[in-house]
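Only one structure is covered here, and it is reproduced in the block below.
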There are 2 protein chains.
Amino acid sequence: MPNQDIAIPTLETDLVLPEREGGYAKGHETREAILRTALSILIEEGYPALSMRRVAKECGMKFGNLTYHFRSREDLMRELFDAVIRSYEVEFLAIAQMPGAAPEDRLRRVCLLILDDIRTKKTTHFFPEIWALSNHDPFVFERMQELYVRARAPLLSIVEEMRPDLRHEDCETVALFISASMEGTTMFAGHGKPFEPRMKQIEDIAVESFIHLVRTWKR
Amino acid sequence: MPNQDIAIPTLETDLVLPEREGGYAKGHETREAILRTALSILIEEGYPALSMRRVAKECGMKFGNLTYHFRSREDLMRELFDAVIRSYEVEFLAIAQMPGAAPEDRLRRVCLLILDDIRTKKTTHFFPEIWALSNHDPFVFERMQELYVRARAPLLSIVEEMRPDLRHEDCETVALFISASMEGTTMFAGHGKPFEPRMKQIEDIAVESFIHLVRTWKR
DNA sequence: ACAAATTTAGGTCAATTGACAGGTTTACCC
DNA sequence: GGGTAAACCTGTCAATTGACCTAAATTTGT
C-alpha cells in the first residue's frame, strides 16, 4: 500500500511570536524581521555565525537599533528559539485533532507528516542546532523537551487507544521510541543528506514497523 | 527475554591518532594532550567554547606553543574530529567480526552495543555537535557520512544474510533505518536525558522491532 | 659533545564580539 | 498639530578571538 498519494499539509509559518502588550505596529514588524533574519542565519550558517552585528547588518539595520529591540544576545536567542519551537507546537496541535479515522491510519498519517517535515531545510538544519545547544544550555534543554512532549502527544494517544491493555508508562516509552526513530533520520535522509532520495521508502519501512510494534508489543 | 545480562564491552580509547611519520616522543604526547583537552571542552561546553586560547589555558600551555602544534584553529578541529571519529571506527570494526552466531543474535548484540554507547556522555554530547556542524562544514559532513557507512556495515551484512531475497539497495535502506532509529534516541535517552532511566526498555523495544522488520520487510 | 630538530615563551596585530551611553527621528494618540 | 513614548542611530568601551612573528630553551640523534 503505497502512501505517496496521501495529501500532506505544509507549514508556512516559520515563526510564532507571543502576543505583545504595548508598543507601535512598526516595532512588532521590526522585531519579527529581526527574528526571521536570525533564523535564516542559523539555518544557513549555523549557531556560531549568529552574532548581533551579523543580524543587524543582514536586516539592513544599525547595530544600536538591534540592541534596543533585544538588549542582549541571550535575549534574542531565547526569543528566537521560543518563536521557532512555538511554530512546531502549533503544527503538532493541528495534527492532534484528526477526525475519527482508524487509529492505525492516524498513526500512519502522523508519521508521514513528521517524516516529510524532516526533509525541509528548516527542520533538517534547525533541530541539530538545538540538540547540540541543549547539551549545554539549560534554557534550550527545557524548552526543547517541552516541545517534544507535545510532539509525542498525538503518538501517545494513538498508542493508548490501540493498546488499552498496556500501562501508561509503557505507552509512553513506545511513543518515545517511535518519535526518536523518526528524528534520527534527520542526519541521513533530511534535506541535502545522502539518503534524502530514499525518504519515501524509509517512510514505508518506518510506518510498517511502527504499526506492527504498537500492535504486538509486550513488555 | 531480558537482555540486561549480556556483557557489554566498553570503550576506553577516546581518541585514535594517525600514525606519525617523524618527530619526537614528547611531541606526540603534547599533541595528544591538546586533542584530549579540546575534546573535553567540546563535550563539556560545546563547540562555541572551543577556542585556541581556551585549549591552551586548559592544557597549562602557552598560546604560542599551541599554535606551533596546530598552525590554525581549523587544523586542530580537523584533526580532533578525525581522531574521535577514528575511535568510533575501531569500535565498529570490532563489532563487525563476531563469531558465527545466529544472525538475529548478532543483530541484537550490535544494537545493544550501539544503544549502550549512546548513553555515554562522550557520545551523547559529541554527536549532536557534529550533526550540527555537518550542516555547514563540508569536511565534517564528509567525514561523518564516512563514519556512518562503517557504522552501518555490520548491520548491513546481517540484514543481507537474513534476507538474501532482497535487493542490495533495500537491505541498505533497512540498515539505514535501523541505524538512524538508534541515533535518534540520543537526545531523549542519552546521558542526562529525561528517558535515560528507560533506556533498557527502549533497547528491548528497538531490538524486537528491528528483528521483526528485517525478518518480514517486503518492499 | 655537538648540531639539528623540536618545543616553549613572549608579544603584536587587526578584526570581531557584546554591552552601553547619548543623542535624534519617527510613529501614534489626543 | 502638538506632545510623548517608541523607535532608531552614532559612537565608544573592554574583552576576546585567530593569525603571525621572533627568540630562547630543550630534547634528540649521532
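- For B:M52, counting side-chain heavy atoms from C-beta on, the closest listed nucleotide (C:dT8, D:dC8, D:dG18) is D:dG18.
- Remark: B:H69 is in phosphate contact with C:dT8, judged by side-chain N or O atoms under 4.0 Å from OP1 or OP2.
- If you check the side chains of B:Q201 and A:D170, you find a donor sitting under 3.5 Å from an acceptor.
- In this entry the distance linking CD of A:E29 with P of C:dT26 reads 16 Å, nearest Å.
- Residues A:F63 and A:Y68 each lie close to DNA chain D; by heavy-atom proximity, the contact nearer the 5' end of the strand is made by A:Y68.
- If you measure from atom CZ of A:R71 to atom C1' of C:dG18, you get 13 Å, rounded to the nearest angstrom.
- Close to D:dA19, at under 4.0 Å from its OP1 or OP2, lies no side-chain N or O of B:T67.
- Residue B:Y47 is tested with B:I41, B:I130, B:L133 for a side chain to side chain contact (heavy atoms under 4.5 Å, CB included); the sole match is B:L133.
- Atom CZ of B:R167 is surrounded by more than 12 heavy atoms from other residues, nucleotides or ligands within 6.0 Å.
- Computed from coordinates, the A:R53 CZ to D:dT10 P distance equals 13 Å when rounded to whole Å.
- Computed from coordinates, the B:K57 NZ to C:dA9 P distance equals 15 Å when rounded to whole Å.
- Put simply, A:T30 has a side-chain N or O that comes within less than 4.0 Å of OP1 or OP2 on D:dC8.
- The cationic group of B:R78 does not satisfy the cation-pi geometry with B:F70, failing either the under 6.0 Å distance to the six-membered ring centre or the 45° limit from the ring axis.
- In this structure, the CG atom of A:L66 is 10 Å from the P atom of C:dA19, given to the nearest Å.
- As rounded to whole Å, 12 Å separates atom C1' of C:dA19 from atom CG of A:D75.
- For A:N65, a side-chain nitrogen or oxygen approaches OP1 or OP2 of D:dC9 to under 4.0 Å.
- The side chain of B:R73 lies closest to D:dG18, out of D:dC9, D:dG18, D:dA7.
- Positionally, the nearest nucleotide of DNA chain C for A:S51 lies more toward the 5' end than for the other of A:G64 and A:S51.
- Across the protein-nucleic acid pair, A:L50 atom CG and C:dT17 atom C1' stand 13 Å apart, rounded to whole Å.
- For the pair A:S72 and C:dG18, the criterion of a side-chain N or O lying under 4.0 Å from OP1 or OP2 is not met.
- Side-chain contact, B:S179 with B:R152: no donor N or O sits under 3.5 Å from an acceptor N or O.
- Taking side-chain N and O atoms only, B:K62 has a distance below 4.0 Å to OP1 or OP2 of C:dG10.
- Atom-to-atom, CZ of B:R54 to P of D:dT17 comes out at 9 Å; the value is rounded to the nearest Å.
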